[in-house]
Amino acid sequence: MPIKNGSVVMRVDVSSNGLGPFIPNKRFQVNINGFLERQRDNTLQFTVGNELFNLIPRYFVNVPSRPLWYTVDQAPVFILGGIPEEKAILLTDTNFKDFFLVELSIDSCWVGSFYCPQTSFTATIYDAIATESTLFIRQNQLIYYFTGTYTTLHESNRGSERWVRVLANECIKKLCPVHFHSNGSEYVMALTTGKHEGYVHFGTITDGRVSFELLPRQRSVCNGILVVNCSITWAVFIAGDYNLLLLVEIEDPSTRKYFQVVSYDLVSDYLVVLYTIPEFIPDARGLEFLMVLGTESYTNFPMVPKGMSYNPYNNLLFIWGNFLLQSYNSENFIYLADFPKELSIKYLVNSFYGDTAIVTETEEIWYLLEGSYQVYKLFPSKGWEVHVSLQVMQQSSLYAPNETMVTLFYEDHRLYQLVYLIDNQQGRLVKRLVPVGQLLMYQQISNDYLLERQGSHLTLSFTNFCPFTVMRLRDLPNPQIYTRQERYRAQPPRVLEPGGFHSDNSLAVYQGLVYYLLWLHSKYDKPYADPVHDPTWRWWKNKKQDQDYYFYLASNWRSAGSVHVDMASYEKIYDLKAENELPERIFLDKGTSYRFSVFLTARDKLGLAVVLADPECIEAVVKEKVLVNRNSVLFWVTLSDKRFCFDQGISGHHLMKTSMLLKVAGSSGHCFQNTHQGPRMQGNLMVPVLIGCPPGKRLAFDITYTLEYNRLQNKHYFDCVHVAPEMPCFLFRDIFYPFFLIQDLVTGDSGSFQGSYVLKVVGGGPTQDTIKEYSEEDIYRFNSPLDKTGSLIWTTRNTTTTEDSAFNILSHNSLGIEWLCMENSPCHDTIPHSIFASEFFFKVLVSNRGVDKSTYCDYQLTFQLHIHGLPLSARRAFLILMVSASLFVGLVILYVISCLLSPYVVKVCNVLCWKINNIIAWESYIYSIASDTRAFSNTSGTKSGESSGGISRVVSMVAGENKTDTKETLRKKPIS
């Protein structure tokens, strides 16, 4: 299928039409696996290694679980290591709906040295990270990477042929993931030990190319924070600030070990200590949380930090070990006392939508709802026991008495386990849902109930701590303008058969229709705007008049191939309605807002809070309306951008991540909504907000209105001799008035661009094939009003310029462009290639960056402009004039001479013709006489003398007669 925007992660959503029994929505992953190649025998084989088909129990049984690390929403393939004493990984491109066990083709060497304190060798793959196109693994102290074959992402890169070992001379003790891409790149971090202790190898992956940089650049972290011995335990990269947060373990001979959070600025190469972690765990004294200020009392349990986790949407930083600290500014921390200090956290799993799962060293699973301070135990727990019992009663195949968790991860806001089950001596890997809401509800019911006697029997009653009975979202706007998801309707063709079932032919037709629809979608982003802003317009624009005819054929079952394609069934959807729930994410442009309402029916006192991750960038206004007769409250919530937190950027790129948390007071862990898929938590709603230029907005050249307006202003319009419908021509001597459109590919809006912009000619040539790019110096000379070299291509009567006065600023109200093509410009003195006037193709760049304050969008449009009727230079025009005048005068003189001499020429020609004819006639006559003489000589030899004399006399007589005739002819001819 045609793929736009270089995406290799795709999904297919299947939903019911709402008729009949309830059918839950289903999502399928359709990712591109760039680590497979087709062999000559048409079989598929992995490029990273060899597939193993036997899942041996020792690979999984009693093996500790490990985290699943990947780039969120970017990685099409997930990998998971940790298989003991095997250089093998689990690989999947369907989020473990199916998977492969692959033995990697790596050398498995171990380079031990005096600076690498590693005493044992193992084949186990410890750390595994998947990015969009590259896989990273760590085995012992070595790092390898493998780049897949993704021509959609980068055509010049055909992928790796084998695993590449990097940082071969370094001793790498740990890989740290970076969960989000930024600035067109992905990142990975390698922590060293040995000779480069206190440094971080910062890896950047751009278009499949991998590079590492040793940070800090000037000195180690230990020297930067003025300590002798230190070791980096964990690293977190904050892309928005271009900053590294380092968890540093410091060994001081005079005191015990302690830990600090150190910030490193990649731009300024500056280190600063943000926070010193307490040596012992605070004593919360029964509280759920405690603000760590340094004045509180402490227990005898030492704090042992092991890692950090950061959510860029709400700026929430976790430091975890045998404790859990959280902070929103990396300086002031809150201790969460619900997590027992006797346990130790092995890794955190973040959904980045307000949910965090915690896995301990003993394989316990805990749950934290971000924005609250309560930590809930999911496994093992009473709620888990109830859930498993019910599943076993239903004979579920996802549960068994003997099971081992392999990993834990989030998918579509839901928590999943990858578990190895042994049932009837058969082992298998399964992916199953962890029903968080159901487990919490079971725990609440089992803990909060009362037995009351009513008469002669006991009744069971439960205490509901949820402050509301009903929570609904209302007045939600149409989601597409905020979610930026483009949608098409592509219904299957109608089968004209008695059974109505599809055949291979009809499905092939449907496949072709969907292919062509996606092809139109991928090719729609072009500089010249169509008269109708819709990718499907070109598909049917020449066939709409025949729609009734095709419908008539289908009604009479006479359609070709017994398949009828309805043109109205293939269109782009612009009016999708909201489904009474907040969108998955919200994009906000400059000054835009999102408004909705929350309806709550009260059981107890109600309060609604809106928590903003970056209140200096966005603001929320909440208005309350009490509905006394319904015992309800209606809250109107308006989320708005403050217009000054983001610079201009390309559509869909370099967006600022923030979030809005909608929270009903007292609802955390207490409020649930029963759905067809089980209980779902209510009262806490987190929505990621992306500030910047939303995806799907573009600038296009409005050729239709430009032609109309230029014809009106110039009183005429002359197109080129050879008309090109896709690129009309404009006359050089006419004033050129360009107009542009802002087109929204998601909502279908298309309106005139009202902002300011800078127009530059950045290339050009006499033909399209000879267009060349101009250098920065040439662009300045050809477009700047400050140019003094006589190189300007165009000018305008507008006086508004950029701050440095280097370029003119135009708008839709500008006075137009006048073409100059001065002496030193490339379009000066263009030689025509035919009898028609000279032509020139300009490559024009239009940008509003730095001159338009109405939007965050940095619109950049490059298009070709065809100009004809270019004048020649004065010198060449004078030369052509002289040559043309000389030719004309020469022709006139020649004509006059020919008229004067024509009678004499005619007379001479006549005489010459007469003489030629006379000579020809004489020779013919002599030849005929000679022939007769030979004939007579053969019959009578005695009369030869007489005949000869006769011939002589005859010839004399004929000559005399001819001479007489000539004289008479000359006398009769009049004198002219």
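Remember, it's a predicted structure, so these values are computed and weren't measured experimentally. Scope of the values below: all heavy atoms of this structure, side chains included, with no hydrogens, waters or symmetry mates.
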message: Let's go through His812 and Tyr709 carefully: what are the C-alpha distance in whole Å and the side-chain angles of both, what is the deciding distance for ring pair (Phe, Tyr, Trp, His ring centres under 6.0 Å) to 0.1 Å, and is it a yes or a no?
response: CA-CA 11 Å; His812 69 289; Tyr709 191 82; over 10 Å; no
field: Among Phe352, Tyr187, Phe409, the one residue meeting ring-ring contact (aromatic ring centres under 6.0 Å, His included) with His179
entry: Phe352
- prompt: Between Phe635 and Lys623, is there a cation-pi geometry (under 6.0 Å to ring centre, at most 45° from the normal)?
  reply: no
- prompt: Are side-chain heavy atoms of Tyr737 and Gln713 found at a separation under 4.5 Å?
  reply: yes
- prompt: Between Lys590 and Asp641, is there a side-chain N and carboxylate O pair less than 4.0 Å apart?
  reply: no
query: Between Glu186 and Arg209, is there a side-chain N and carboxylate O pair less than 4.0 Å apart?
result: no
Flag for Thr356-Glu370: side-chain donor and acceptor within less than 3.5 Å: yes
query: Can we say Asp13 and Arg487 salt-bridge, meaning some charged N sits less than 4.0 Å from an Asp/Glu carboxylate O?
result: no
message: Taking the cut-offs as 6.0 angstrom to the six-membered ring centre and 45 degrees off its axis, would you call Arg474 and Phe599 a cation-pi pair?
response: yes
- request: In plain terms, say whether Asp475 and Arg595 are close enough for a salt bridge, that is, a side-chain N and a carboxylate O under 4.0 Å apart.
  value: no
Only pairs under 3.5 Å count here: list side-chain donor-acceptor contacts from residues 610-620, not counting sequence neighbours, and write none if there are none.
{"from": "Asp614", "atom 1": "OD1", "to": "Asn315", "atom 2": "ND2", "distance (Å)": "3.3"}
{"from": "Asp614", "atom 1": "OD2", "to": "Thr658", "atom 2": "OG1", "distance (Å)": "2.8"}

task: Assess the pair Phe740 and Phe701: is the distance between their ring centroids shorter than 6.0 Å?
output: yes
message: What I want to check is whether the side chains of Thr592 and Asp589 have a donor and an acceptor closer together than 3.5 Å.
response: no
message: Cation-pi check for Tyr482 against Arg585: NZ or CZ below 6.0 Å from the six-membered ring centre and within 45 degrees of the axis, yes or no?
response: no
task: Show the numbers, then the answer: is there a side-chain contact (heavy atoms from CB on, under 4.5 Å) between Val689 and Lys657?
output: CA-CA 6 Å; Val689 180; Lys657 295 182 177 67; over 6 Å; no
message: Looking only at side-chain N and O atoms, does Thr536 offer a donor or acceptor that is under 3.5 Å from a partner on Asp534?
response: yes
- prompt: Under 4.0 Å between a Lys/Arg side-chain N and an Asp/Glu carboxylate O for Lys526 and Asp530?
  reply: yes
field: Residue pair Ser263 / Asn243, side-chain donor-acceptor N/O under 3.5 Å
entry: yes
query: Are Phe237 and Phe202 close enough that their ring centres sit under 6.0 Å apart?
result: yes
message: I want to know whether Phe180 and Tyr313 have ring centres closer than 6.0 Å.
response: yes
message: Taking the ring of Tyr594 and the ring of Phe596, is the distance between their centroids below 6.0 Å?
response: yes
- prompt: Any chance the side chains of Ser811 and Asn813 put a donor and an acceptor closer than 3.5 Å?
  reply: no
- prompt: Less than 4.0 Å between a side-chain N and a carboxylate O, is that true for Asp73 and Arg11?
  reply: no
query: Can you check whether His521 and Tyr488 have ring centres sitting under 6.0 Å from each other?
result: yes
query: Just by distance, with hydrogens left out, do Asp852 and Ser854 show a side-chain donor and acceptor under 3.5 Å apart?
result: yes
- prompt: Do Tyr757 and Tyr859 have ring centres separated by under 6.0 Å?
  reply: no
message: Looking only at the side chains, is there a donor atom on one of Ser752 and Gln754 sitting less than 3.5 Å from an acceptor on the other?
response: yes
field: Between CG on residue Leu690 and CG on residue Leu655, distance to nearest 0.5 Å
entry: 5.5 Å
task: Determine, for Arg849 against Asp858, whether the closest basic-nitrogen to carboxylate-oxygen distance falls under 4.0 angstrom.
output: yes
message: Less than 3.5 Å apart, any donor N or O on the side chain of Ser659 or Asn314 sitting next to an acceptor on the other?
response: no
